[in-house]
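Small disclaimer: the values here were computed from a predicted structure and weren't measured. All values below come from the heavy atoms of this structure, side chains included, with hydrogens, waters and symmetry mates left out.
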Amino acid sequence: MSNTKTLIEVPDFITVRDLAAVMHVSPINVIKELMSNGIMANINQEIDFDTAAIVAGEMGFDVVSTAVAIAQEEAIESEISRPAWRKVLASEDTRNLVARPPVITMLGHVDHGKTSLLDVIRQTNVQAGEAGGITQHIGAYQVAHNGDLITFLDTPGHAAFTAMRARGAQATDIAILVVAADDGVMPQTREAIDHAKAANVPIIVAMNKIDLPSANPARVMQQLSENGLIPDEWDGDTMVIQVSAKEKLGIDDLLEAILLVAEDIAPKANPSASPTGTVLEARMEKGKGVMVTLLVQNGTLKQGDTLLVGEDYGRIKAMFDYRGKRLKQASPSTPVSASGLSGIPEAGSQFEVVESEKAARKIIADRQEANRTQPIGRSGAISLDDFFSRLQEGETKTLNLVVKADVQGSLEPITNSLNKLSNDEVELEILLAATGNITESDVMLASASEAIILGFNVEADPIARATANSEQVEINYYNIIYKLIEDVDKAMKGLLAPVYEDVVIGRAEVRQVFRIKGAGNIAGCYMRTGEARRNAKARIIRGTTLLYTGPVSSLKHLSENVREVKAGFEFGVNISGWDDYYPGDFIEFFVSQRVEQ
């Protein structure tokens, strides 16, 4: 039996869909392989060459860069066969993958000591390594422990962590969950656990404030167990490290735990690849222009490289590490502050290095043109209505849900019933099941994980509604449990159709009737309430009797065709299929709107 792998060419960046097509496999299998490597990506998301190479390698393929393949093909001697030299290149590329420092994000409830713990780790490292304090805080830094580097991202918490994932950035290898030994697991702690689990990253618990007289480690470990994090002391697989940021206790133990987990997950990158990574922060600084904090995730970033981030670009004029020390180059997992970009990119955006500013402008122009010419279709968001069609197209086989209910007594039967709906064809995964109103954090979790939110006897707060609208996250509201279960079941079977209802938008009184040759009778009306719209439908009502319903065929104000007429104005209207208007009739204008379920 031959162990020869099929050789494929992959460009510097490729969408999940295109990679699946190159390998002749289902996109779902590629997404699952990415998830097993800690990367949450949807079918239309771009991944870099090295990520694609790792995924393809694990799926039985040898991979070569298209650019390298072309260059080698031009230079290779004619007697050397193409498959042979490409296989050699692929094996050399695999050997270029080397260990890189793990990237850590701290999550947890407010006031449980995330910032204090970060400060202690950073200060201890600086004092041990060099004289002087920290000259520049750039939102990320590195520490050395027993000769190994660790990169920490100083994010505001799980909301920022998940917002970055929603924009395609999987920048974290390990999540540190900070829990106060006196307070224990709080609502934001539970949210952080859900977000870290959804990101598929290992979790280490830092039990902070262990020095307080009110500290209760046993109670905290019990609460962690109830939330799916079984401490290693209790024969689980979650490391729980007792620390005190105030007394600087347990810091070395925490760093050692990070290195142990990092050894297990073995994060790697290719320093020789074209540099790519994530924008952590971006700001305008007086005298410096746009300053961006970047996390290099692959390749080696150099001063003078031309960066491209979305529609912003520029040549790196200067580059600094977290101490303010000037750098000429930065290897994978290194956070740097750089100047030279033309605009302020969004945090969480992916950057790449291109040949020149001219090349960057061309890429941006091509992207803008593609966006203009691309037909309007379904976005990356998902809804119950279109879940089955996406399932049929091979785009998804997992229905991710975020479930919020008013009380625990409602939540348990809902989740128990939903879990029974999974079958061989479709897996249903509940990312979060909790009580309380729908929050911005819930929406960001759903956005990052392409999940649908189901609310039972709850509402979404104003910020959550606005975020759901901008992130195109569907929220479905219910007050009957069986209806909620029935809708999800129908969605999984392709039986759920959207429900619409008629909503009255305005009411007018007919005051005169005009006969126009070739057009028939026109109702001269006064708009009493709301508005009339040309794209609406209308009901003719005489007394208490509904006479006719039909679409508006024309709408005029002072002999001019108009799109709408507001309350307080006179206008003329003609309803398609009706000609028998009388003064004193009322016309109700209405539109069909989808009902929130």
**Request:** Under the side chain to side chain contact (heavy atoms under 4.5 Å, CB included) rule, what do Met239 and Val261 come out as? Steps first, then yes or no, please.
**Result:** CA-CA 9 Å; Met239 299 182 72; Val261 175; 3.9 Å; yes
**Request:** Give a yes or no on whether the ring-centroid distance for Phe152 and Tyr141 is below 6.0 angstrom.
**Result:** yes
**Side-chain donor or acceptor of Ser449 paired with backbone N/O of Ala446 under 3.5 Å** = no
**Prompt:** Applying the side-chain contact (heavy atoms from CB on, under 4.5 Å) test to Ile176, which of Val205, Leu118, Thr105, Ile258 qualifies?
**Reply:** Ile258
**Message:** When you compare the side chains of Glu191 and Ser441, does any donor N or O come within less than 3.5 Å of an acceptor on the partner?
**Reply:** yes
**Prompt:** Of all residues at least two apart in sequence or in a different chain, which pass the ring-ring contact (aromatic ring centres under 6.0 Å, His included) check with Phe569?
**Reply:** His557
**Message:** Counting C-beta onward and ignoring hydrogens, is there a side-chain heavy-atom pair between Ile204 and Thr238 closer than 4.5 Å?
**Reply:** no
**Item:** Distance, nearest 0.5 Å, that separates CG of Leu229 from CD of Gln223
**Value:** 12.0 Å
**Item:** Electrostatic pair Asp182-Arg219, nearest N-O below 4.0 angstrom
**Value:** no
**Item:** Where Ala140 and Tyr322 come nearest, the two heavy atoms and their spacing
**Value:** O-CB, 3.2 Å
**Message:** Set out, in order, the CA-CA distance, both residues' side-chain angles and the distance that settles side chain to side chain contact (heavy atoms under 4.5 Å, CB included) for Asn476 and Tyr478, then state yes or no.
**Reply:** CA-CA 7 Å; Asn476 295 286; Tyr478 298 89; 3.5 Å; yes
**Asked** Is the CG atom of Asp237 crowded by more than 12 outside heavy atoms at less than 6.0 Å?
**Response** no
**Message:** Could you tell me if Arg539 sits above the aromatic ring of Phe590, with its cationic atom closer than 6.0 Å to the ring centre and no more than 45 degrees from the axis?
**Reply:** yes
**Prompt:** Is Asp312 reaching over with its side chain to a backbone N or O of Ser342, donor-acceptor style, under 3.5 angstrom?
**Reply:** no
**Fill in**
Nearest heavy-atom contact between Leu431 and Ala451 is CD1-CB, 3.9 Å
**Request:** To the nearest 0.5 angstrom, please state how far the OG atom of Ser417 sits from the CD atom of Glu486.
**Result:** 12.5 Å
**Prompt:** Going by atom types alone, do Asp442 and Thr439 pair a side-chain donor with an acceptor below 3.5 Å?
**Reply:** yes
**Fill in**
Here the gap from Ile344 atom CD1 to Glu281 atom CD, rounded to the nearest 0.5 Å, amounts to 12.5 Å
**Asked** Above 12 or not: heavy atoms from other molecules or residues under 6.0 Å from NZ of Lys197?
**Response** yes
**Message:** To the nearest 0.5 Å, what is the distance between CG on Leu445 and CD on Glu440?
**Reply:** 12.5 Å
**Request:** Apply side chain to side chain contact (heavy atoms under 4.5 Å, CB included) to Thr467 and Met444, showing your working.
**Result:** CA-CA 8 Å; Thr467 305; Met444 290 311 302; 3.6 Å; yes
**Asked** Counting only heavy atoms not in Ile463, do more than 12 fall under 6.0 Å of its CD1?
**Response** no
**Asked** Between Ser225 and Met221, is there a donor-acceptor pair closer than 3.5 Å when you use the side chain of the first and the backbone of the second?
**Response** yes
**Message:** Distance check, rounded to the nearest 0.5 Å: Leu280 atom CG versus Thr293 atom OG1?
**Reply:** 6.5 Å
**Request:** Return yes if some donor-acceptor pair links the side-chain N/O of Asn437 with the main-chain N/O of Glu459 below 3.5 Å, else return no.
**Result:** yes
**Request:** Check the pair Ser116 / Asp119 against side-chain hydrogen bond (donor to acceptor under 3.5 Å, both in side chains), numbers first and verdict last.
**Result:** CA-CA 5 Å; Ser116 300; Asp119 287 343; 5.7 Å; no
**Request:** Quickly, which of Asn416, Ile480, Leu421 forms a side-chain contact (heavy atoms from CB on, under 4.5 Å) with Ile485? Name it, please.
**Result:** Leu421
**Message:** Do Thr51 and Asp48 have side chains that approach each other closer than 4.5 Å (heavy atoms only, starting at C-beta)?
**Reply:** yes
**Prompt:** So do the side chains of Thr151 and Ile104 get within less than 4.5 Å of each other, counting heavy atoms only?
**Reply:** no
**Gln222 CD: over 12 foreign heavy atoms closer than 6.0 Å** = yes
**Request:** Measure the NE2-NZ distance between His109 and Lys114 for me, rounded to the nearest 0.5 Å.
**Result:** 8.5 Å
**Under-4.0 Å salt bridge between Asp487 and Lys483** = yes
**Request:** Could you check Gln350 against Thr278 for side-chain hydrogen bond (donor to acceptor under 3.5 Å, both in side chains), going step by step and ending with a plain yes or no?
**Result:** CA-CA 5 Å; Gln350 302 293 105; Thr278 299; 3.2 Å; yes
**Asked** Is it true that a side-chain atom of Asp173 and a backbone atom of Val103 form a donor plus acceptor pair closer than 3.5 Å?
**Response** yes
**Item:** Residue pair Arg100 / Ala269: nearest heavy atoms and the distance that separates them
**Value:** CD-CB, 3.7 Å
**Asked** Between Ser592 and Asp502, do the side chains contain an N or O donor and an N or O acceptor separated by less than 3.5 Å?
**Response** yes
**Request:** Check whether any side-chain heavy atom of Pro345 sits under 4.5 Å from a side-chain heavy atom of Val292, and report yes or no.
**Result:** yes
**Message:** So Val403 and Leu432, do their side chains get closer than 4.5 Å, heavy atoms only?
**Reply:** no
**Prompt:** Is any side-chain heavy atom of Ile47 closer than 4.5 Å to a side-chain heavy atom of Leu34?
**Reply:** yes
**Asked** Which heavy-atom pair separates Val296 from Phe351 by the least distance, and what is that distance?
**Response** CA-CZ, 4.2 Å
**Item:** Non-hydrogen side-chain atoms of Glu33 and Met59 separated by less than 4.5 Å
**Value:** yes
**Message:** A side-chain contact here means heavy atoms from C-beta on lying under 4.5 Å apart; do Tyr313 and Arg361 qualify?
**Reply:** yes
**Request:** Write down the atom of Val220, the atom of Ala181, and the distance for their closest heavy-atom approach.
**Result:** CG2-O, 3.6 Å
**Request:** Verify side chain to side chain contact (heavy atoms under 4.5 Å, CB included) between Val552 and Arg533, making sure each step is shown before the conclusion.
**Result:** CA-CA 8 Å; Val552 174; Arg533 295 183 199 162; over 6 Å; no
**Prompt:** Backbone N or O of Thr415 within a donor-acceptor pair of the Asn419 side chain at under 3.5 Å?
**Reply:** yes
**Message:** Give me the atom names and distance for the closest heavy-atom approach of Pro102 to Pro267.
**Reply:** CA-CG, 4.2 Å
